[in-house]
Participant: 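My questions will all concern the structure given below.
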Amino acid sequence: MSGATVTDVPKSHGERYDDATHARGPEITQKSINDDVMRLITRPGPLWWAIFLLDLLILTIGLLAERNQIVHGVGVAGHTRPVMWASYVANFVFWVGIAHCGTLVSAILFLFRSHFRRAVYRIAEAMTVFGVLTAGLFPIIHLGRPWFAYWLFPYPNQRQLWPNFRSPLEWDVFAVSTYLTVSSIFFLVGIIPDAAAARDRVKNPYLKLVMTIFSFGWTGSNNQWKHFYGAYLYFAAIATPLVLSVHSVVSWDFAMSQVPGWHSTIFAPYFVAGAIFSGVAMVINLIIPIRAGFKLHHIVTMDHLEKLSKLVLLTGTIVTYSYLCEFFLAWYGPSSYERDLFWWRATGHFSWAFWIMFGCNAGVPLLLWFKQVRTNVPLLFVLCLFVNVGMYFERFVIIITSLARPFEPMSWDVNYRMSWTEGAVLAGSFAWFFMFFLIFVRLLPAFSIAEIKETLPPPLRRKPS
Amino acid sequence: MIAALGRQIDKLLAGKPGKHQGVMGVFYYVDDAASAVKAAREQGHKNLTVFSPVPHHDIERANEQGPSLVRWITFTGGVLGITGGFALCIYSVMSWPIVVGGKELISLPPFVVIGYESMILLAGLANLLGMLALGRLPQIGLRAPYDPRFSEDRIGIWVPCSGQASEKVRELLRGHGAEEVNVHA
């Protein structure tokens, strides 16, 4: 069990916790964990409503832009030769990447018995599900005729036409839809015992009905626990190779082509590391306001934040290594097109985007080598925002610079710039994600009551032998 | 209107009180509950149910619980998934055979991705269905009296019995440190 979970507690509930002094407080009990998590599921205050309405306003703007695009065609998004895959595909890769952290925290760390995951995994899993729901929109949004999106799926039809299963784009359909299904199941199964705990406590009949549905009639009997943990282990076991495969498959959308800057075997591990890098940073960005807003410093301790920030540091160094490797391979390899492209990335028209990417992903995370930075909550929050900005620009740089600099010099006339439609749809995607997240935080247990209880020593009458 | 609907929901969720025969002991300490389970089993009460907010290995051992069979259901789902994924790809190229780029019709390397993802998808779905079926979820009617304290910090041991046996079980549970013992006749 994580010692910090029990010891790093505020002096009393509601009192401002001092991260610097790690003040000790009263003992955490199983009952107090129920009380603390249930504090989130209360009638939302004016601040929540203000944020939620602002979120809906931004979403409406995004939907209006999308409506405009459906009516007038993708031309309004400014997509033109040679950059036909522009920010929509970058958004897709960004959101799939964000979605990767949840499964890392809930599945991979579960298999490694890293107990610090218990306090943060529910939020990471929710982020995963909502991230995939957001990512899944973009392959549809960037279609010329989005109402035919179902053609991507194999289904029996009278012409016996099937999708091309040799195409990485079809692999993507299988990978992302499998990921959405498995991560949603994993998320909802984990909620069952906690929804039962909430069902037994809430007074509001409507909320009680929601909790009853999500708890599946759970009673915590020995038979239910046995099969729950039996299944949970196998969910973790199958979700681990899944999470590694999904972003590998996403990377093969690019790497399987001959385009300079894309055709590289390093892409799969490079994308997976980048996905976890941005995903963990996003978890930190989400969890810090919730921790502060609901005064949950004793549940999400400094120790948890520090361990997450070490994950950011680790994956950040892998991403930096990949950047350097790409340049080395371009310089050392036989392709002059590759050399030219990489030189242009760093010095050409889009060099500003390249240096934002490199600075935010390779430079800024190096500050996490210092404990003072890892344990400074506001600084950690800002640093993780930089990481997410950097990771967005990574996808922008990979997709747009490679397309803008193809083999034929006649196509090198750079004519891509982000249109207001693309900007509005991007903002709308953030609003779409946060709409789900804001509802989740107030409707379902955002922290795993059962798993946090497992970190406490079991109550024993006799001393343990 | 909203309040009236709320009352109807409350009424619906409360349900009818179940008819149960047996003894329910409520425990706080895990070691007390584990020893009570062991003693009850030694008395011949093998069909008991333990409710707890978190699983406890001591109680599982005392109850002689084996591993869950859900893994075999998951495995079956995985095998069906990988077979189905490859079969779909092979069927699709054989039903409309067009050679593209001089590649083999049945190109196994790219089909591995579809087979692999299908394996995980069906293994996940089978795992879920296995857990629900074996754990008897969703559970509408209660098979034993349930107390909301069991989702907080108390452990409940339900021993189905009747008549004179109930008295013996009551004494046994109380003797092993039960905070509260209720006989349901």
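Nothing here was measured: the structure is a model prediction, and the numbers come from that model. Residue numbering restarts at 1 for every chain, and letters A, B, ... go by the order of the sequence lines.
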Participant: Sort out for me which of I238(A), N222(A), V249(A) touches chain B most, counting heavy-atom pairs under 4.5 Å.
Facilitator: N222(A)
Participant: Using non-hydrogen atoms only, which part of F186(A) is less than 4.5 Å away from chain B: side chain, backbone, both, or neither?
Facilitator: neither
Participant: Most heavy-atom pairs under 4.5 angstrom with chain A, which of T74(B), V70(B), D10(B), L13(B)?
Facilitator: L13(B)
Participant: Answer with yes or no after comparing the ring centroid distance for F174(A) and W171(A) against a 6.0 Å cut-off, counting only values under it.
Facilitator: no
Participant: Show your working on side chain to side chain contact (heavy atoms under 4.5 Å, CB included) between L88(B) and W162(A) and close with a plain yes or no.
Facilitator: CA-CA 9 Å; L88(B) 176 65; W162(A) 295 96; 3.7 Å; yes
Participant: Counting only non-hydrogen atoms closer than 4.5 Å, does L209(A) touch chain B with its backbone (N, CA, C, O), its side chain (CB onward), both, or neither?
Facilitator: both
Participant: What I want to check is whether the side chains of T455(A) and R118(A) have a donor and an acceptor closer together than 3.5 Å.
Facilitator: no
Participant: Once ring pair (Phe, Tyr, Trp, His ring centres under 6.0 Å) is applied, do any residues pair with F267(A), and if so which ones, sequence neighbours excluded?
Facilitator: Y270(A), F271(A)
Participant: Under 4.5 Å between any side-chain heavy atoms of F27(B) and I157(B), yes or no?
Facilitator: yes
Participant: Under a 4.5 Å heavy-atom cut-off, does chain A meet the side chain of I2(B), its backbone, both or neither?
Facilitator: both
Participant: With a 4.5 angstrom heavy-atom cut-off, which part of P67(B) approaches chain A: side chain, backbone, both or neither?
Facilitator: backbone
Participant: Under a 4.5 Å heavy-atom cutoff, which of L121(B), I98(B), L12(B), I155(B) has the most pairs with chain A?
Facilitator: L121(B)
Participant: Just checking heavy atoms, which of residues 211-221 of chain A are less than 4.5 Å from chain B?
Facilitator: T212(A), F216(A), G217(A), W218(A), T219(A), G220(A), S221(A)
Participant: Can you confirm whether E180(B) sits close enough to R154(B) that some side-chain heavy atom of one is under 4.5 Å from a side-chain heavy atom of the other?
Facilitator: no
Participant: One thing to verify: whether D35(A) and R39(A) come together as a salt bridge, which I'm taking to mean a side-chain N less than 4.0 angstrom from a carboxylate O.
Facilitator: no
Participant: Which one wins on heavy-atom pair count under 4.5 Å against chain A: E117(B), R149(B), K103(B)?
Facilitator: E117(B)
Participant: What is the distance from atom CG of D147(B) to atom CG of N182(B), rounded to the nearest 0.5 Å?
Facilitator: 8.5 Å
Participant: If you measure from the Lys or Arg side-chain nitrogens to the Asp or Glu carboxylate oxygens, is any gap between E451(A) and R117(A) under 4.0 Å?
Facilitator: yes
Participant: By a 4.5 Å heavy-atom criterion (distance strictly below it), what part of V113(B) contacts chain A: side chain, backbone, both, or neither?
Facilitator: side chain
Participant: Side-chain polar contacts of residues 37-46 of chain B - donor-acceptor pairs under 3.5 angstrom, sequence neighbours left out - could you list them?
Facilitator:
residue : atom : partner : partner atom : Å
R41(B)  : NH1  : K46(B)  : O            : 3.4
R41(B)  : NH1  : N63(B)  : O            : 3.3
R41(B)  : NH1  : N63(B)  : OD1          : 3.2

Participant: Between C89(B), G177(B), G78(B), who has the most heavy-atom pairs with chain A when the cutoff is under 4.5 Å?
Facilitator: C89(B)
Participant: Counting heavy-atom pairs closer than 4.5 Å to chain A, which one of L5(B), L128(B), I120(B) comes out on top?
Facilitator: I120(B)
Participant: I'd like to verify something: which residue of D153(B), V100(B), N127(B) has the highest number of heavy-atom pairs under 4.5 Å with chain A?
Facilitator: N127(B)
Participant: Pick one of side chain, backbone, both or neither for F75(B), based on which atoms fall under 4.5 Å of a heavy atom in chain A.
Facilitator: neither
Participant: Which of parallel (below 30°), tilted (30 to 60°) and perpendicular (above 60°) describes F110(A) and Y229(A)?
Facilitator: parallel
Participant: Counting N and O atoms only, with roles assigned by atom type, does the side chain of Y179(A) sit under 3.5 Å from a partner on the main chain of A99(A), one being a donor and the other an acceptor?
Facilitator: yes
Participant: At a heavy-atom distance under 4.5 Å, which candidate from V173(A), V182(A), L242(A) has the highest pair count against chain B?
Facilitator: L242(A)
Participant: Where does P241(A) contact chain B at under 4.5 Å (heavy atoms): side chain, backbone, both or neither?
Facilitator: both
Participant: Okay, side chain of N157(A), backbone of Y155(A): is any donor-acceptor separation there less than 3.5 Å?
Facilitator: yes
Participant: Tell me, for L48(B) versus chain A, whether the close heavy atoms (under 4.5 Å) come from the side chain, the backbone, both or neither.
Facilitator: backbone
Participant: Below 4.5 Å, heavy atoms only, C-beta onward: do D253(A) and L169(A) meet side chain to side chain?
Facilitator: yes
Participant: Checking Y146(B) against chain A: side chain, backbone, both or neither under 4.5 Å from a heavy atom?
Facilitator: side chain
Participant: Enumerate by number any residue of residues 188-199 of chain A whose heavy atoms lie under 4.5 Å from heavy atoms of chain B; in the absence of such residues, state 'none'.
Facilitator: V189(A), I192(A), A196(A), A197(A), R199(A)
Participant: For E152(B), run the side-chain hydrogen bond (donor to acceptor under 3.5 Å, both in side chains) check against K453(A), R201(A), K31(A), Q30(A) and tell me which one passes.
Facilitator: R201(A)
